[in-house]
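These notes are about the structure you will find just below.
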Amino acid sequence: MTELLKVDDLTAGYGASVVLENISFDLRRGEALALLGRNGVGKSTLLATLMGQTRVHGGAVHWKHTPITHLASHFRAGQGLGWVPQERWIFPSLTVHENLTVASRAGHWTPHRIYQLFPSLDKRRTNLGDELSGGEQQMLAMGRALMINPDLLLLDEPTEGLAPLVAKDIHSIIGSLTRAGDMTVIVVEQHVRFALSICTKALVLDRGRVVLASDTTSLLADSSQLEQYIGISRSNSANDSNLFNGDPQ
């Protein structure tokens, strides 16, 4: 597999404030990375940095062997980086269809294919963005990111705040995307075992630094590491399983 993304000794934050320190990792085409850690350790900031939304204090980001460390966000999107931020950022005054097509790039992801993936959006294609439920807005944010036909898809807490059945649907869709192997994915997700089950690699952050890099199979098998670095106990894991089986927590 060809190396797609290389992050080398990256230090970044907001203004003079440093959030991430000396972050290094790489991803090859088709790999899926679970970005893990407790709340406030810099996971969302790392995704925002990959999209050019923060101030870089040191290090470098290479995309397809080309430095993009100081490239503006819209140029990164044009190069094939798709981002679904935690806030979703749906355009409230545009219809579902307009949201999907406002920044699309040519490729195999088309509105027709998005509507097949998200049938709920097909029924709501003429509704405005602010007329959608939270789950529909999340589907729309994912669909819009896919419409730029990304080589790398960044997903920031894609099931946060969603009803269990909706979260289960999103879980299934993300799993299908990562298993297809034609797109590289980085996912930040509060349901850790879900993230590990659909990804091949894991990176654990603590206080803005990488404290563990592992394949997901090894990490899933080691409950002590999950509890040490992320605070995930066996009871938490059972709750994750119940959620994605559609059972109440």
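For the numbers below, each heavy atom of this structure counts, side chains included, while hydrogens, waters and symmetry mates do not. The model shown is predicted, which means the values in this text are computed figures rather than measured ones. For reference, positions follow the sequence shown, starting with 1.
Judged by distance alone, with hydrogens and angles left aside, the side-chain atoms of T178 form no donor-acceptor pair with the main-chain N or O of A32 at under 3.5 Å. A donor-acceptor distance shorter than 3.5 angstrom exists from the side chain of K43 to the backbone of G37, with no hydrogens or angles considered. R207 contributes no side-chain N or O that, together with a main-chain N or O of L20, makes up a donor-acceptor pair within less than 3.5 Å. Between the side chain of T69 and the backbone N or O of V61, at least one donor-acceptor pair lies under 3.5 Å. Remark: side-chain polar atoms of T184 are paired, donor with acceptor, to backbone N or O of G30 under 3.5 angstrom. Using a distance-only test at 3.5 Å, with no hydrogens or angles considered, a donor-acceptor pair links the side chain of R124 to the main chain of E131. One N or O on the side chain of H57 and one on the backbone of G15 form a donor-acceptor pair closer than 3.5 Å. Of the possible polar contacts, one joining the N149 side chain to the H108 backbone as a donor-acceptor pair under 3.5 Å is found. Listed for the K201 side chain is a donor-acceptor partner under 3.5 Å among the backbone atoms of D26. When atom types are taken as modelled, the side chain of E189 and the backbone of F194 share no donor-acceptor pair closer than 3.5 angstrom.
The cationic atom of R55 (NZ for Lys, CZ for Arg) does not lie both less than 6.0 Å from the six-membered ring centre of Y14 and within 45° of the ring axis.
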Where do L153 and L146 land on the side chain to side chain contact (heavy atoms under 4.5 Å, CB included) test, with the steps shown first? CA-CA 8 Å; L153 181 63; L146 290 170; 4.1 Å; yes
Derivation and outcome, side chain to side chain contact (heavy atoms under 4.5 Å, CB included), residues L203 and I186: CA-CA 10 Å; L203 202 69; I186 302 177; over 6 Å; no
Check the pair L71, W63 against side chain to side chain contact (heavy atoms under 4.5 Å, CB included), reporting the backbone distance first and the verdict last. CA-CA 11 Å; L71 195 66; W63 174 249; over 6 Å; no
Decide yes or no on side chain to side chain contact (heavy atoms under 4.5 Å, CB included) for M183 and L152, but give the supporting numbers first. CA-CA 6 Å; M183 185 190 307; L152 173 63; over 6 Å; no
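Counted by atom type alone, S73 and Q53 present one or more donor-acceptor pairs between their side chains at under 3.5 Å. Between the side chains of T95 and T126, not a single donor N or O lies within less than 3.5 Å of an accepting N or O. Of the N and O atoms on the side chains of Q86 and E160, at least one donor lies less than 3.5 Å from an acceptor on the other residue.
We find the OG-CD distance between S93 and E98 to be 8.5 Å, quoted to the nearest 0.5 Å. Note that OG1 of T216 and CD1 of I198 are 10.0 Å apart. Values are rounded to the nearest 0.5 Å. Here the CE atom belonging to M142 is positioned 7.0 Å from the CG atom belonging to L117, to the nearest 0.5 angstrom. In this structure, CG on N99 lies 11.5 Å from OG on S104, to the nearest 0.5 angstrom. Once rounded to the nearest 0.5 Å, the distance linking CG of L46 with CG of L33 reads 8.5 Å. Between Q79 atom CD and I68 atom CD1 the span is 8.0 Å, to the nearest 0.5 Å.
Clustering ILVMFWY residues whenever any of their side-chain heavy atoms sit less than 4.5 angstrom apart, transitively, puts L154 in the very cluster that holds L10. Both Y115 and V166 sit in one connected hydrophobic cluster of ILVMFWY residues. Membership requires side-chain heavy atoms under 4.5 Å apart, directly or through other members. Follow the hydrophobic side-chain contacts under 4.5 Å out from L121 and you reach I170 in the same cluster. I90 and L94 fall into different hydrophobic clusters, defined by Ile, Leu, Val, Met, Phe, Trp and Tyr side-chain heavy atoms under 4.5 Å apart, directly or through other members. Both L5 and L81 sit in one connected hydrophobic cluster of ILVMFWY residues. Membership requires side-chain heavy atoms under 4.5 Å apart, directly or through other members.
For the ring-ring contact (aromatic ring centres under 6.0 Å, His included) condition, the pairs that include at least one residue of residues 70-96, sequence neighbours left out, are W83-W89.
The shortest side-chain heavy-atom distance between L47 and V188 falls under the 4.5 Å cut-off. Put simply, the side chain of V7 does not reach to within 4.5 Å of the side chain of S24, judged on heavy atoms. Side-chain contact between Y229 and L36 is absent, with no heavy-atom pair separated by less than 4.5 Å. Contact annotation: the side chain of V56 never approaches that of T11 to less than 4.5 Å [non-hydrogen atoms, C-beta and beyond]. Here the side chains of Q138 and L162 are in contact, with some heavy-atom distance below 4.5 Å. Between V185 and C199, the closest side-chain pair of non-hydrogen atoms is not below 4.5 Å. Residues V84 and P158 are not in side-chain contact: their nearest non-hydrogen atoms beyond the backbone lie 4.5 Å or more apart. Considering only heavy atoms from C-beta on, L212 stays 4.5 Å or farther from L205 through its side chain.
S172 and R179 get closest at one heavy-atom pair: O-NH2, 4.2 Å. Between A202 and L196 the shortest heavy-atom distance is CB-CD2, 3.9 Å. Of all heavy-atom pairs between T101 and M147, the closest is CG2-CE, 4.4 Å. Closest heavy-atom contact between A12 and T54: CB-OG1, 3.9 Å. Between E3 and R28, the shortest heavy-atom contact is N-NH1, 3.6 Å. The two atoms that bring P111 and H97 nearest to each other are CB-CE1, 3.7 Å, heavy atoms only.
A salt bridge links D122 to R125: one of the charged nitrogens lies within less than 4.0 Å of a carboxylate oxygen. Salt bridge annotation for D151-R29: present, with a cationic side-chain nitrogen under 4.0 angstrom from a carboxylate oxygen.
Each of L140, I173, D169 was scored for a side-chain contact (heavy atoms from CB on, under 4.5 Å) with F118, with one residue passing: I173.
Residue V18 shares its hydrophobic cluster (ILVMFWY side chains chained together at separations under 4.5 Å) with no other residue.
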